[in-house]
**Q** 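Structure in structure tokens, see below.
Just so it is clear: chains get the letters A, B, ... in the order the sequence lines come, proteins before strands, and each one is counted from 1.
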Amino acid sequence: MRKPFIAFVLLGLFLCVLAACSASENAANANEPEETDNESTEDTSTDNGDTIKVGILHSLSGTMAISETSVQQAELLAIEEINENGGVLGKQLEPVVEDGASDWPTFAEKAGKLLEQDQVAAIFGGWTSASRKAMLPVVEENNGLLFYPVQYEGMESSPNIFYTGAAPNQQIVPAVNWLLENKGDSFFLLGSDYVFPRTANAAIKAQLEAKGGELVGEEYTPLGHTDYNTVIAKIRSEQPEVIFNTLNGDSNVAFFKQLSDAGITPEDTTVLSVSVAEEEIKGIGAEVIEGHLTSWNYYQTTDTSENEAFVENYKAAYGDDAVTADPIEAGYFGVHLWAKAVEKAGTTDVEAVKEAAKGISYDAPNGTVTIDGDNQHVYKTVRIGEVQSDGMIEQVWQSEEPIKPDPFLEGYDWANELSESLAE
Amino acid sequence: MSENMLTLQKVTVDFSGFKAINELDFQVAPNNVHFVIGPNGAGKTTLLDCICGKSRATSGAILLHGKKDLTKRSEEKIVHQGIARKFQAPSIFHKLTVMENLEIAMKQKKRLFAMMKAKWTKTEKQSIHDMLDLIDLIEEKDELAGTLAHGQKQWLEIAMVLVQEPDIVLLDEPIAGMSKKERDKTGELITKIAEDRAVLIVEHDMDFVKSYADIVTVMHEGQVLFEGSMDEVQNDPKVREVYLGRKVEEDADNTGA
Amino acid sequence: MVGSLSLPYSRLFILALSIVCLVSIYYYFYRTANGRRTRAVMQNRQMAECLGVSTRKVDMITFAIGSGFAGVAGCALTLLGAIGPTIGTNYIIDAFMVVVVGGVGALFGAVAGAFGIGIFNTVFEYVTSASIGKVLIFLLIIAFLQWRPSGLVVSRSRSLD
Amino acid sequence: MQSTIIQKLLGHRIIFSILFILLLTAPLYLSDFRLNLLGKFLAFAILAIGLDLLWGYTGVLSLGHGIFFGLGAYCMAMYLKLEANAGGLPDFMTWSGMSELPLIWLPFQYPIVAIILGVLFPAFLAFVLGSLTFRNRISGVYFTILSQALVLVLVTLFVGAQNLTGGTSGLTNFETLFGIPMNEASTQTMFYIITVVVLAAIFLGCRRLVNGRFGNVLIGIRDGENRMRFLGYNPSAYKTFIYTLSAAIAGMAGMLFVLQVGIISPTMIGIIPSIEMVLWVALGGRGTIIGPVIGAVLVNAAKTGFSESYPDIWTYFLGLLFVLVVVFLPKGLTGLFETWKARRKSQNVGKHVDVAKSYR
Amino acid sequence: MLTIQELEAGYDESMVIRDINMHVDDNQVICVMGRNGVGKTTLLKTVIGILHPEHGSIQFNQTDMTTLKPSQRAKMGIGYIPQGREIFPKLTVHDNLLLGLEAGDQKTIDEKVYAYFPILKDFTKRNGGDLSGGQQQQLAIARALVSQPSFLLLDEPTEGIQPNIVQEIQDVILDIKQSSDTSMILVEQNLDFVKNVADYVYVMDHGSIVYESAVDDIEDETIYRYLSV
């Protein structure tokens, strides 16, 4: 009696699952009534009716949610601004939000969903390198567009990705030069154990060797690691003048607290961080990181009229406590850059937009940004700042002009060996 | 000595300071129904435990057929040597049917890969059927064992011991919770199985012991106090003192109702 | 910086806090009526219920106390490092391993286990790296369990299963 | 009596055959994207069967199956990565300053070796951990904790040894398998069909295994491990075997996952996914072979469905689903049928069977 | 004091007892007899609340307690001495007895229980699990007595106990009957003892009550018939 019954219920459940799958498919199609019969014609598929769909794909749950949610908010803000000004090509932008759930295969799955199911004109999303690498084959396979807003390790240039965060030569290389000139030449490298710190440190080591710096220690801890006693003991015995910090996320909180507990002050050893922005400082607590340095392209305090408006709008939308930071700003201007390129191309067709984007400029909060047609990265101004007691970062140095992005560090002699080994 | 199936030599079982069995010398002869009695805490169950490997002897040797020492072998190896044990509380498998309980208990190759290929043979089926008949559970053979009554569970477990076709059967209070008729039948069964093997039983029921014992060992404080026939046991003053307490007559009444 | 050894106040405070917690757990379990109830429920839930112990209440109280102590541990952690919604996952395994090494239901074992794992962890991490250190600790625990399968403090029972 | 058994079998077979055919023909009525998702769910279902063999039948709860899944997946991915790079070094190795292919990667140049290792490697690891723990009668919660610690340790190692494993990013960006382009719809359909066939084979194989005498021995070990020793069994050997087998199945699932999803990273094999896998089994109903399949497909379908419809708050829905099942269906979905069946049976007993007998 | 009406209960799938009607007056000792497996233990388990009846009701002192939990029933004054003793093996004898107090209002252990079972006094600091079977049974009875219950459920208190302790336990049960107004349901097989202690006897077979009688009118023949089949 029982087994056939189970089987029937199974059958029912299975049909439900199928029905759910096809139902959501239908629902997706129902949103684009005019489109069903000419699905094959790529050009019109994304800008049918009165709206253009764009995908927003960040982690809204999981460990990365804290960081990525603000980028998502900035992107939605930008979309809202564009829509208020009449949209793109006369059409409103319609954001399709998905959750990457801090899980790289999920990023791949959702990117596929956005491109195949929703047929979005572009995806704005990702934070970690891993999430970008997970989306990369999907985006390339579907010939979609991805705008990636975070500084990263470089060594990549996908024809389907626009990189609006800093390449290594727009953050790390100038920071090391500045430290060598201003803070001392004994370096301790500390990073989370994943691709960005490893690659960044490989470059830094080459740079130090070329410029006469001294490497006194190099440590990697697992992501999420929170006990830095052993590392601090090593730092104490080596007494470096500079710690170049590529730790990510929560680890920074533990590290700075324990460093300050151990009585090591910025006067003894200065820490320069490349993954600590205003948002993170809120979590770490300004008192333990005050006086240490960061390197970015943008701070909330950056003095441009565009930034004044941006910060004001952002706070108006998300509360007075909200702070802006470099990746938030990069996510924000990424949307504007894409909109500008679409306007110029007159279509959302990927090839046309890519062509139109070459050399296009936008007055972003951090200054004028220009897309480098060679590698789809962005010319950006480099800044070094010191953390203040109120959690803001005060700029102590900035590059004279926006620096040309060089993801493979081809323009640096000392990096030749490195970039050669990377060239396929 | 060599005619003994099982010989315990100066066996001690020490539970962190408490010697449940203390330098015990003990023999089990073949084809005997051998009862072990004694007050609670005398070490009767521990005796069975250390023969079948559940408790480890702290010192001493347990020899099978006068040669193989069992004290260092694992439980399942001891079973393979032909020693099967029934525990006090029925520990049958409630989520398996009566049939399945016997199926996994019966004598067969119990190694992993042999078991994977195992299939019912005719003789197996017949012997299980006979066993079910013997314990009166034919009709319940496809019921889950957990739904059986207490007495039936005891029966099933005795049957699970028997289908292993052991040389030495260890029974711990096999008739607890059985009716008079069931006890008699159990007794007969025990007599029958003792024809070609040794049976060692721990039991309280004096009537039962009286009826079926070939030899009775009285244990006290981890050692053998007395060994002999039931008559000798009952007439021994030491035994009366430590075990039977005040009234011998009433024992018969207590257990006979 | 006092030589190579420095004990910041926060660490001293945590040390004291742990000792206070330990003593109070011991007192609770072995000296109070509720502790007795908890142990009774642990050993024979049904019988405890039949004697008038509300097992539901014991469950709730025990869970509450357990959570409470976890909370205390969490508070202590804020003095050391980052606090985020996922902080628990970093510690849960270590916490369980401590129990495995120490022996389930054994307070002393838990303390000894915590010290053992903590010390070896630090040593291994210092000598190698954080990730290799974790592997070594795991291998060490497996090896340890070959020697003491039920943990440092064994609670024996004579029943079958 | 005879005829009802035949009826049972027939009913059984036919329904499952229909299900199987429905799954096989899914490419005809599902879009490529949905088919790909369903294929992924079915890969999870394969793993869930293995996990249930261990937990539901043998009573060993492993909170570390993610790692076996991962090992299988990585073995496959390593081959795919090498093939995508056409013999060159994978990109992450060059970043990490390696100049030639590390020894451990060498066997993965050959697809057959990679596939075999994808099964053998997790099986071997499970065998080692299983024999070391079960032999010493480390079981229950102790084993569960160790299995979880294994995940933690190995994931840390995977992340740490990024010159060998790609670190947190994992392995992705594959192109061909046996020279066939992987991302094409037809190839993906083929992978899907392979998954369905493997699922069916494992389903039938495991059902055969647990429905006979062997399965009864497993249940015996689950419900009374010590008792089984005194029946002459060596439970450690059985547990080690099932643990090994279920790890091998997990490895297979991992390989099928990589083929269809195209990426494997430590986030997919860590502690949280490992616990999730147990949830699938619990939700479907442990101690049955079909339960875990239902659980895995349903939970993952729900996960995808919820997250697509409500990207901001889907986790709450999923959490609610778990809570509801735990509270109202402690035995899982199949447990619902068991209760229903028991009701039916006791009603029948009341009607037909000799009353005195049913009282015993 | 206790009234059971049309009670029907059992384990998961099968009903073990059916249509049980039973009444216990104040200060009355009821004995339940019957072969093993006829449902006597099931009956007691249902009265204390471990099993939930499918049908029927249990009234205690005019309160319907059919749906109450065992702990609530214990607090109403019902003491339970289960088959197989079930003392807490890793609590001391003293702690075991203290747990007996959970059901009542007393704060300390009545010296009377030590008078009944002097051996417990010697062993207060020992773990319950270290006692012998007979001693554990004495502990189980003592544990039920410390809260001075008005109603006792005793499930074969002398089963598997050495004879001298059997005698002690029977003496205690008799003494409780004579010196207090405690009511009891006693599951017992020894007819002589039953005649000694009981006021009223029920015999069960196949899950139902097949014979009941005041102890003075008891027909030995009938009882033997049901006990020995």
**Q** Which answer fits A:Lys110, side chain, backbone, both or neither, if we ask what part of it has an atom under 4.5 Å from a heavy atom of chain D?
**A** side chain

**Q** Can you tell me which portion of D:Phe33 sits under 4.5 Å from chain A's heavy atoms? Options are side chain, backbone, both or neither.
**A** both

**Q** Does any heavy atom of chain D fall under 4.5 Å from the side chain of A:Ser102, the backbone, both, or neither of them?
**A** backbone

**Q** If I take atom CD from residue D:Glu184 and atom CD from residue A:Glu141, how far apart are they, to the nearest 0.5 angstrom?
**A** 7.5 Å

**Q** Between D:Leu37 and chain A, with a heavy-atom cut-off of 4.5 Å, which part of the residue counts as in contact: side chain, backbone, both or neither?
**A** side chain

**Q** Do you know the tightest heavy-atom contact between D:Pro311 and A:Asp99?
**A** O-CB, 3.6 Å

**Q** Hey, which of D:Thr172, D:Ile264, D:Thr267 is the one that makes side chain to side chain contact (heavy atoms under 4.5 Å, CB included) with A:Pro105?
**A** D:Thr267

**Q** Kindly indicate whether the side chain of D:Thr304, heavy atoms from C-beta on, has any atom under 4.5 Å from the side chain of A:Glu109.
**A** yes

**Q** When rounded to the nearest 0.5 angstrom, what distance separates CG in A:Leu114 from CD in D:Glu308?
**A** 9.0 Å

**Q** How many angstroms lie between atom CG of D:Asp312 and atom CD of A:Glu98, to the nearest 0.5 angstrom?
**A** 10.0 Å

**Q** I'd like to check A:Leu60 versus D:Trp314 (side-chain heavy atoms, cut-off strictly below 4.5 Å). Are they in contact?
**A** no

**Q** Sequence neighbours left out, cut at 3.5 Å: what donor-acceptor pairs do the side chains of residues 152-159 of chain A make with other protein atoms?
**A**
| residue | atom | partner | partner atom | Å |
| --- | --- | --- | --- | --- |
| A:Tyr152 | OH | A:Glu156 | O | 3.2 |
| A:Tyr152 | OH | A:His377 | NE2 | 2.6 |
| A:Glu153 | OE1 | A:Ser129 | OG | 2.6 |
| A:Glu153 | OE2 | A:Ser129 | OG | 3.2 |
| A:Glu153 | OE2 | A:Arg132 | NH2 | 3.2 |
| A:Glu156 | OE1 | A:Arg132 | NE | 3.4 |
| A:Glu156 | OE1 | A:Arg132 | NH2 | 3.1 |
| A:Glu156 | OE1 | A:Lys133 | NZ | 3.1 |
| A:Glu156 | OE2 | A:Arg132 | NE | 2.8 |
| A:Glu156 | OE2 | A:Tyr163 | OH | 2.9 |
| A:Ser158 | OG | A:Glu140 | OE2 | 2.8 |
| A:Ser158 | OG | A:Asn160 | N | 3.1 |

**Q** Using non-hydrogen atoms only, which part of D:Ser307 is less than 4.5 Å away from chain A: side chain, backbone, both, or neither?
**A** both

**Q** Non-hydrogen atoms of chain A under 4.5 Å away: do they reach the side chain of D:Thr168, the backbone, both or neither?
**A** both

**Q** Could you pull out all residues at least two apart from A:Asp193 that satisfy side-chain hydrogen bond (donor to acceptor under 3.5 Å, both in side chains)?
**A** A:Arg198

**Q** Measuring heavy-atom distances to chain A, does D:Phe257 have an atom under 4.5 Å in its side chain, in its backbone, in both, or in neither?
**A** side chain

**Q** Checking A:Ala108 against chain D: side chain, backbone, both or neither under 4.5 Å from a heavy atom?
**A** side chain

**Q** In terms of heavy-atom pairs under 4.5 Å with chain A, which of D:Ser309, D:Gly167, D:Ser265 leads?
**A** D:Ser265

**Q** Answer with side chain, backbone, both or neither: which region of A:Glu116 has an atom nearer than 4.5 Å to a non-hydrogen atom of chain D?
**A** side chain

